[in-house]
Structures are given as C-alpha cells and as structure tokens.
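Here the structure is a predicted model, which is why all the values come from computation and not from measurement.
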Amino acid sequence: MRLAAFPKCYLQEICIDKSMSLFDWIRLAEPLRRHGVTGLELYDGTLASRDMAYLQTVRTAHSDAGFVIPMLCVSPDFTHPDPDFRAAQVETMKANLDLAATFGCTTCRVLSGQRRPEVSRSDGVGWVVECIKSLLPHAQQVGVILAIENHFKDNFWTYPEFAQRMDVFLEIVNQIESPWFGVNYDPSNTLLAGEDPLELLEAVKHRVVSMHASDRRPKPGVTLSAETLTDYTQLIHGEIGTGIINFDAIFASLRGVGFDGWVSIEDGVNGMAEL
C-alpha cells in the first residue's frame, strides 16, 4: 500500500476563499514525505485553470516536491433528470480522464450524482450505470481507472449522494464489470448511511482500487449513540485512528485480497498536525 494525502483541511481556502493556492498546499505537504506519504491526491476544484501550460506547472510542482499524483478526484452528477445535462457530464468526465492522464494518475474518482427527491431509484441507477459504461472505452484509451466512491456528499452539492446507501451502491457496482472500473472505498462515509464499514468492504474488497482513509468521532459533548452515529452534524473528521473506524480490520481485509493501491489520508480538517 502507498500513502497519499488530500487537502480536505484547505478546500474552503483553495476553492472558495482563494486565500491559498494549490502550490501553497504542495509546499505545506512536503514534510509529510518524512512520514511515508509519496502522493498528493488532486481535487479538480483546486485547479486555477485548464490551460496546458498551467497544468504542466502543477505536475512539475508535485514532482519537484517529491510527490506523484495518484488520483484525480472529481464529482460528476449522473442523476439529473435532463438527458442533455447527463450527456454533458459524460463529456466533462472524458475531459477529466484526459486531465488525469496528463497528471500521470492511475485512477479518477467518479460519483453517482445527487439524491434528488424527484428521481426514483430505478431511474437513478439506470442513468448512472449507462453513463459510467459509456466512459469505459475512453478510460481504457487513456489508461486511467474509474473509481466510484461510496460517498456522502460533495462539499458543493445541494443533495447528498444518490448511492450513499450500500444496497444502491452495490446495485450500481455489480452491473459494471471492467478492468477500467473499480471502487474507491471510504469507511467513514458508510457510518453516515447507518451501515457497517466492514460489511461494505466485505462486499467490494475484490473491486477496491483505491481508498480514502478517513475517521469520524462525535463532536465534543456529544454522546455516541445510534442516532448521533448517522448524523453528520454531530460527527467530525479528525486524526486517523483516533475515532470510530477499525483500521486494523480494514487493512487486514485488504491485505487478504492482495490490495496494493493508494490509501489517501482524507482527514486533518484541523490542520497539518493531524495529517
């Protein structure tokens, strides 16, 4: 397994406030190399431009700091009822696969889409499967694996993830068989669906191509219970291994199936010390 890090603690500053740049994050992350982190996962919202000259400076900045870029993290929305919108999302994802290849990524994160109240489960599942299958030839062409995440909600979406629940997620995953498609497993997102991270892992462990290592714990003063466990407003991200997630069991399971992909540290919302 290889370790990467994700700038979850600085997304607001980089993407919204613009008080930090992607290059600031790369410089801040350099000390992580002393702890075995050799990759920095890239979120497309942190990019200031899609101009090729700029993209090359981004890749060079990573390599000069001693990092590779293992995954491009993007958030396509394939559950919109408008077929033209979905078609545009597919084209955007093709461009993102090209971008991932430019950075030398092995994987590109893909999502199902937003859980819009007017979209039925059968329609949503069908649209997501159709969109992802249509992307597989392009993924093969550029040599980048599409990795669907058991997600909770993109920071900048209105609704939570359509495939947040395990049964919906598995219904999608089990309909797509390709070496260019796999799972980006995030254990703490499973908690917010009221489900067991180890149960989900058991169902997808042979399909896992990458992992987000994230941990959650109750907010100070909040007692852990069945109710608070599924309430994201009562749970906070924090330092890996100090929360609810049983990482020993997770890594034992992944080792058992020969997983040797990237594990990206997604916590550290309180700063670099936690990372």
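- D196 places none of its side-chain heavy atoms less than 4.5 Å from the side chain of L191.
- Listed by chain and number, the residues in a side chain to side chain contact (heavy atoms under 4.5 Å, CB included) with I265 are V37, I240, L275 (sequence neighbours excluded).
- Between the side chain of E266 and the backbone N or O of A213 there is no donor-acceptor pair closer than 3.5 Å.
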For this session: Test T38 against L3 for side-chain contact (heavy atoms from CB on, under 4.5 Å), laying out the working first.
Result: CA-CA 6 Å; T38 57; L3 287 179; 5.9 Å; no
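- Looking only at distances, a side-chain donor or acceptor of Y54 sits under 3.5 Å from a matching main-chain atom of A48.
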Tell me which donor-acceptor pairs under 3.5 Å the side chains of residues 59-68 have, and how far apart each pair is, sequence neighbours excluded?
residue: R59; atom: NH1; partner: T102; partner atom: O; Å: 2.6
residue: T60; atom: OG1; partner: Q56; partner atom: O; Å: 2.9
residue: H62; atom: ND1; partner: V58; partner atom: O; Å: 2.8
residue: S63; atom: OG; partner: R59; partner atom: O; Å: 3.4
residue: S63; atom: OG; partner: T60; partner atom: O; Å: 2.9

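- Not counting sequence neighbours, P137 has no partner by the side chain to side chain contact (heavy atoms under 4.5 Å, CB included) test.
- Distance check, rounded to the nearest 0.5 Å: CD1 of I145 to OG of S210 gives 8.5 Å.
- With values rounded to the nearest 0.5 angstrom, L11 atom CG is found 8.5 Å from E13 atom CD.
- Every residue was checked against the salt bridge (Lys or Arg N to Asp or Glu O under 4.0 Å) condition with K153, not counting sequence neighbours, and none meets it.
- Taken together through direct or relayed side-chain contacts under 4.5 Å among Ile, Leu, Val, Met, Phe, Trp and Tyr, M71 and V208 form parts of separate hydrophobic clusters.
- The hydrophobic cluster around W127 extends to V119, counting ILVMFWY residues whose side-chain heavy atoms fall within less than 4.5 Å of a member.
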Could you list the donor-acceptor pairs under 3.5 angstrom formed by side chains in residues 25-32, with sequence neighbours left out?
residue: R27; atom: NH2; partner: D24; partner atom: OD1; Å: 2.5

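- Side-chain contact check for T107 versus P70: every heavy-atom pair is 4.5 Å or farther apart.
- Residues forming a salt bridge (Lys or Arg N to Asp or Glu O under 4.0 Å) with E177 (at least two apart in sequence, or on another chain): R207.
- In this structure, the separation between CZ on F152 and CD on E161 is 10.5 Å, given to the nearest 0.5 Å.
- Each of I250, V183, D186 was evaluated against M211; a single residue qualifies, I250, per the side chain to side chain contact (heavy atoms under 4.5 Å, CB included) test.
- Across all non-hydrogen atoms, the minimal contact from C105 to V144 is O-CG2, 3.7 Å.
- Residues L136 and V128 are members of one and the same hydrophobic cluster, defined by side-chain heavy-atom contacts under 4.5 angstrom among Ile, Leu, Val, Met, Phe, Trp and Tyr.
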Would you list the atom pairs, donor with acceptor, under 3.5 Å between side chains in residues 255-264 and any protein atom, with sequence neighbours excluded?
residue: S264; atom: OG; partner: E41; partner atom: OE1; Å: 2.7

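- Looking only at distances, a side-chain donor or acceptor of R86 sits under 3.5 Å from a matching main-chain atom of P81.
- Counting heavy atoms from C-beta on, the side chains of Y43 and C15 come closer than 4.5 Å.
- Following chains of ILVMFWY side-chain contacts shorter than 4.5 Å, one cannot reach I172 starting from L111, and the two form parts of different hydrophobic clusters.
- Under the salt bridge (Lys or Arg N to Asp or Glu O under 4.0 Å) criterion, the residue pairs touching residues 114-134 are D77-R116, R121-D167, R121-E171, with sequence neighbours excluded.
- Contacts of S75 classified as side-chain hydrogen bond (donor to acceptor under 3.5 Å, both in side chains), with partners at least two apart in sequence or in another chain: R109, D154.
- For the atom pair OG1 of T190 and OH of Y185, the computed distance is 5.0 Å after rounding to the nearest 0.5 Å.
- Inspection of the H151 and N184 side chains reveals no N or O donor paired with an N or O acceptor under 3.5 Å.
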Problem set entry | Evaluation steps, side-chain contact (heavy atoms from CB on, under 4.5 Å), between V125 and V168 | CA-CA 8 Å; V125 168; V168 180; 4.2 Å; yes
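- Atom CG of residue L200 and atom CG of residue L170 lie 6.0 Å apart, to the nearest 0.5 angstrom.
- The salt bridge (Lys or Arg N to Asp or Glu O under 4.0 Å) check on E202 picks up K205, with sequence neighbours excluded.
- With a 4.5 Å cut-off on side-chain heavy atoms, I14 and S21 do not count as touching.
- Between N246 and A249, the shortest heavy-atom distance links the atoms OD1-N, 3.1 Å.
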Problem set entry | Derivation of the side-chain contact (heavy atoms from CB on, under 4.5 Å) call for I132 and M93 | CA-CA 9 Å; I132 293 177; M93 270 305 300; over 6 Å; no
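- Each ring pair (Phe, Tyr, Trp, His ring centres under 6.0 Å) pair with one or both residues in residues 76-117, not counting sequence neighbours, appears once here: H80-F85.
- Between L47 and L42 there is a side-chain heavy-atom pair separated by less than 4.5 Å.
- The closest donor-acceptor contact from the side chain of T92 to the backbone of A88 lies under 3.5 Å.
- In this structure, Q89 CD and E91 CD are separated by 11.0 Å, a value rounded to the nearest 0.5 Å.
- V173 and I176 fall within a single hydrophobic cluster, where Ile, Leu, Val, Met, Phe, Trp and Tyr are joined by side-chain heavy atoms under 4.5 Å apart, directly or via other members.
- Side-chain contact check for S214 versus F6: every heavy-atom pair is 4.5 Å or farther apart.
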Problem set entry | L146 vs L97, side-chain contact (heavy atoms from CB on, under 4.5 Å): CA-CA, chis, key distance, verdict | CA-CA 8 Å; L146 289 164; L97 284 166; 3.8 Å; yes
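- Looking only at atom types and distance, the side chain of Q164 has no donor-acceptor partner in the side chain of N189 under 3.5 Å away.
- The cluster map of Ile, Leu, Val, Met, Phe, Trp and Tyr, joined by side-chain heavy atoms under 4.5 Å apart, puts L99 and V142 in the same cluster.
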Exercise. Step by step, would you call N96 with R50 a side chain to side chain donor-acceptor pair (under 3.5 Å)?
Worked result: CA-CA 10 Å; N96 284 328; R50 294 282 181 122; 2.9 Å; yes
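- Side-chain contact between T79 and Y159 is absent, with no heavy-atom pair separated by less than 4.5 Å.
- There is no side-chain donor-acceptor pair under 3.5 Å between S188 and D215.
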